[in-house]
Amino acid sequence: MTDTQQDFALRLEADGRFELIDWPRPGHGTLNTLLAAIGCRAVDAVTISDDLTMWLDDEGLINGAPVNVGATALYAAHQEPHQPYHGTAVITGGTDRHGNTLPLTLDQLSVLLVLHLTACDAKIPGQRDRGM
């Protein structure tokens, strides 16, 4: 029997767009996946809860990246924010007992998408700007 389960993380752009990204198995390019998805050279991990982590550009604040309203609101839905978050964010699960970053579960993903869609002017993938 083959394993056909796909693992995902959620990428949130500062302009409200979002997408699911493939999440690698432990030891198969986690850092490279984050760097490519965020478009940066170094990442910071922000613990949202025991089972959610937000990854951001380590230099996002100082390089002038725009505030990510969706990522900041997502954090605020779990705990009091101490700052706005800048640039593209990637949301993953927590960690396993070996310290490997986990993908999101379907339940987590569902909750996060509802929070994101209701917290900001989210752009559904493939949605065209109607010019309103």
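- In this structure, Asp44 CG and Asp58 CG are separated by 4.0 Å, a value rounded to the nearest 0.5 Å.
- Taking the side chain as every heavy atom from C-beta outward, Asn100 and Thr95 never approach each other to under 4.5 Å.
- Residues Val46 and Val43 do not share a hydrophobic cluster, clusters being chains of Ile/Leu/Val/Met/Phe/Trp/Tyr side chains in contact below 4.5 Å.
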- request: Show your reasoning for whether side-chain contact (heavy atoms from CB on, under 4.5 Å) applies to Ile91 and Leu112.
  value: CA-CA 9 Å; Ile91 312 300; Leu112 291 172; 3.7 Å; yes
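- When the options Leu34, Leu56, Asn63, Asp57 are evaluated for a side-chain contact (heavy atoms from CB on, under 4.5 Å) with Cys40, the one that passes is Asp57.
- Ionic pairing of Glu19 and Arg17 is not present here: no N-O contact between side-chain nitrogen and carboxylate oxygen is shorter than 4.0 angstrom.
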task: Might you work through the side-chain contact (heavy atoms from CB on, under 4.5 Å) test for Val111 and Gln108, ending with a clear yes or no?
output: CA-CA 5 Å; Val111 169; Gln108 289 171 323; over 6 Å; no
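- Under 3.5 Å, the side chains of Asp51 and Ser49 contain a donor-acceptor pair of N or O atoms.
- Residue Thr88 holds its OG1 atom at 9.0 Å from CG of Leu12, rounded to the nearest 0.5 Å.
- Note that CD1 of Ile38 is 8.5 Å distant from CZ of Arg11, once rounded to the nearest 0.5 Å.
- Counting heavy atoms of neighbouring residues, nucleotides and ligands inside a 6.0 Å radius, atom CG of Asp96 exceeds 12 of them.
- To the nearest 0.5 Å, the span separating CG on Asp7 from CG on Asp22 amounts to 9.0 Å.
- Going from atom CG of Leu104 over to atom CG of Leu20 covers 8.5 Å, rounded to the nearest 0.5 Å.
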- request: Start with the C-alpha gap between Ile48 and Thr53, add the side-chain angles, then the distance that decides, and say whether side-chain contact (heavy atoms from CB on, under 4.5 Å) holds.
  value: CA-CA 5 Å; Ile48 297 173; Thr53 304; over 6 Å; no
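- For the side-chain contact (heavy atoms from CB on, under 4.5 Å) criterion with Pro84, the lone passing option out of Asn68, Thr72, Val69, Leu61 is Thr72.
- The minimum heavy-atom distance between Val90 and Ala37, with the atom names listed, is CG2-CB, 3.8 Å.
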- prompt: Given Tyr85 and Val67, is the side-chain contact (heavy atoms from CB on, under 4.5 Å) satisfied, shown in steps?
  reply: CA-CA 6 Å; Tyr85 295 103; Val67 170; over 6 Å; no
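- Taking 4.5 Å as the limit, every side-chain heavy atom of Phe8 sits out of range of all side-chain heavy atoms of Pro103.
- At least one donor-acceptor pair under 3.5 Å links the side chain of His86 to the backbone N or O of Ala65.
- Separating the CH2 atom in Trp55 from the CG atom in Leu35 is a distance of 10.0 Å, to the nearest 0.5 Å.
- Follow the hydrophobic side-chain contacts under 4.5 Å out from Leu113 and you reach Leu74 in the same cluster.
- By the 6.0 Å contact criterion, NE2 on His82 is enclosed, its count of non-hydrogen atoms from other residues, nucleotides or ligands being greater than 12.
- Smallest separation of non-hydrogen atoms from Ala71 and Met54: CB-SD, 3.6 Å.
- With sequence neighbours left out, the side chain to side chain donor-acceptor pair (under 3.5 Å) criterion links Trp23 to no other residue.
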